[in-house]
*Asks:* 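So that we are looking at the same thing, I have put the structure below in structure tokens.
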Amino acid sequence: MRINTLFYSLIQGIKNIFRNKWFTLASVATISACLFLFGLFYSILTNFEHMVKSAEQRVAITALLELGVSDERVAEIKAMLMNREEVNEVDYFTADETWAKFAEENDFGDISIFTENPLEDCAHFDIYMNDVSMQSDLVEYLETIDGVRKVNQSALTAQVLTGVNSIIGYVSIGIILILFLVSIFLISNTVTIGIQVRKEEIQIMKYIGATDFFARAPFVIEGILIGFIGSLVPLAAVYFLYNEAVIYAASSYSFMAALIQFLPVEEVFATLIPICIGIGVGIGFIGSYTTVRKHLSV
Amino acid sequence: MKRTTAKRRQLSNAPIISLEHVSKAYSAGAPALNDVNLHINKGEFVFIVGDSGSGKSTLIKLLLRELLPSSGRIVVNGTDVVRLRRRQIPKFRRNLGVVFQDFRLLKDRNVYENVAFAQRIIQKSGREIRKNVPSILSTVGLAGKYKARPKQLSGGEQQRVALARALVNKPQILLADEPTGNLDPKNSWEIMNLLEKINNNGTTVLVVTHNREIVNDMQKRVVTMKKGVIVSDEEKGGYIDED
Ligand SMILES: Nc1ncnc2c1ncn2[C@@H]1O[C@H](COP(=O)(O)OP(=O)(O)OP(=O)(O)O)[C@@H](O)[C@H]1O
Ligand SMILES: [Mg+2]
């Protein structure tokens, strides 16, 4: 393949975009519409997932220790727990700290009148998890550890959160699948509109002795460019909307701001930009490659 | 030693186009070609005439390897067309110039680009293209029209662009399927004269036509077809009338 030929195909691909203005417009609009919906759902779902995740991380398991467990043993247990995948954070509270905190939370006032610590056997770990679906495993493990007296968990919260998580998973897959099918349908329809011109051109090229590659290259380049443009438009639109939503939520209702922690726009777009461009370019490539292929058999 | 020389001589004398017992049936109905035998030598000028539906275009399509025959053997320019692999078709076609009744130009490119396109396919350098395209365009009498789009040209001019495109790569064979079908008598004659000129330079020319006057006037070899069969094949022949 000569550089000349490659360059020629590239120029022709770019020219095709302007030669068939309506086709370009229709294709860009279709891809944009699909990717816009995708971008919107993606932003909502990642935020939702993020909220659930941070809720999960606020669920603690409490592991009460037996009386007289040595400081070394405490450090040892802590290290063992930190080593586990599903554990995010481990906080240790001595019996005295526990009592002080309890008294404070319940407005006991001056606790120096107590000569003894009523919560003497309540030295404990608060364990925060990355993944609440692993909670029962962790509890089982905790109960086998020497020095652990009792494990308190909130099984219900964990169950609800795990449930919500898998629902989000299914919903995402479902929506993305539907969007994908709709895109394919719309795009193959759009491509069919523009095919007549191409069909003739490709046949002519093939009669003169053009290879499949040579006949196909300009159209495939055209498709890729259309896909690329078609992904930039919705990215810009979603970016704008997302920013507006963040500002709106933060400013208008303070209770909403407390409830909904939007992910920073940079974080969402760090993944959304490559995904959208990838899908756009991919659809453009596959769409043009396969439609042109149908007409190569002259 | 003697045998190789003999064989080589035989090869160079071998027809540039040969069909042996070629039949072609489309899925439905009577065969479009039925046991056709035809041999055309290098440098010949041959008219193919016959009623509508007699199989002339089918014959051209077989030579271009657009279609495969149902049976029989086709050799074009030393290539066994039936055995040709799909990947080899483009290279094979580059030795054949083709012209059609409906011109088949690339609509959104100008005259120059339409002709240059054939050169780009065979990966000629920019310098050669800038030399060859103007030269062939002046041969067909279109020196002043480089920038025109096909739709800004008359039918005769469009056909001359198509002819220039077919010839710019200097093919061994030129196939023309009713090249004057859409042209008035004056333009028809101009195209035919060009074809004859090309033939005089050594290109083998095969022309399908319904133009009785031109066929009778030019006194070339005439192959007449009827219902998929060659019914006559005459040197310096004429257009055979129905009945
Ligand atoms: N793609 C096809 N599918 C089915 N039958 C076909 C096809 N193309 C041609 N035929 C049939 O084959 C026969 C020969 O057709 P062909 O086009 O070769 O005729 P022709 O001699 O070129 O006619 P014309 O002078 O009108 O161009 C006709 O009966 C035609 O109906
Ligand atoms: Mg015909």
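The sequence lines fix the lettering, A, B, ..., with proteins before strands; numbering per chain opens at 1. Everything quoted here is computed from the prediction, not taken from an experiment.
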*Asks:* Heavy-atom count check: over 12 atoms from other residues, nucleotides or ligands less than 6.0 Å from Tyr26(B) OH?
*Replies:* yes
*Asks:* Can you list every pair that meets ring pair (Phe, Tyr, Trp, His ring centres under 6.0 Å) and has a residue in residues 101-151 of chain B, with sequence neighbours left out?
*Replies:*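 Output for this query lists Phe214(A)-Phe117(B), Tyr112(B)-Tyr146(B).
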*Asks:* Is the closest side-chain heavy-atom distance between Arg19(A) and Arg109(B) below 4.5 Å?
*Replies:*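 In contact.
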*Asks:* Could you grab the distance from atom CD of Glu66(B) to atom NZ of Lys206(A), nearest 0.5 Å is fine?
*Replies:*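 NZ of Lys206(A) is found 11.0 Å from CD of Glu66(B).
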*Asks:* Are more than 12 heavy atoms from other residues, nucleotides or ligands located less than 6.0 Å from atom CD of Glu244(A)?
*Replies:*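 Atom CD in Glu244(A) is packed in, count exceeds 12.
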*Asks:* Can you tell me which portion of Phe92(B) sits under 4.5 Å from chain A's heavy atoms? Options are side chain, backbone, both or neither.
*Replies:* neither
*Asks:* Need one label for Gln88(B): side chain, backbone, both or neither, based on atoms under 4.5 Å from any heavy atom in chain A.
*Replies:*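 Neither part.
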*Asks:* Sort by residue number and list every residue of residues 169-183 of chain B having at least one heavy atom under 4.5 Å from chain A.
*Replies:* none
*Asks:* Which region of Arg87(B), side chain (C-beta onward) or backbone (N, CA, C, O), has a non-hydrogen atom less than 4.5 Å from a non-hydrogen atom of chain A, or is it both or neither?
*Replies:*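 Interface part for Arg87(B): neither.
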*Asks:* Going from CD1 on Ile122(B) to OG1 on Thr211(A), what distance comes out if it is rounded to the nearest 0.5 angstrom?
*Replies:*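 If I round to the nearest 0.5 Å, the distance is 12.5 Å.
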*Asks:* So do Asp108(B) and Glu201(A) actually touch side chain to side chain, heavy atoms under 4.5 Å?
*Replies:* yes
*Asks:* Between Ile204(A) and chain B, which part of the residue has a heavy atom less than 4.5 Å away: side chain, backbone, both or neither?
*Replies:* side chain
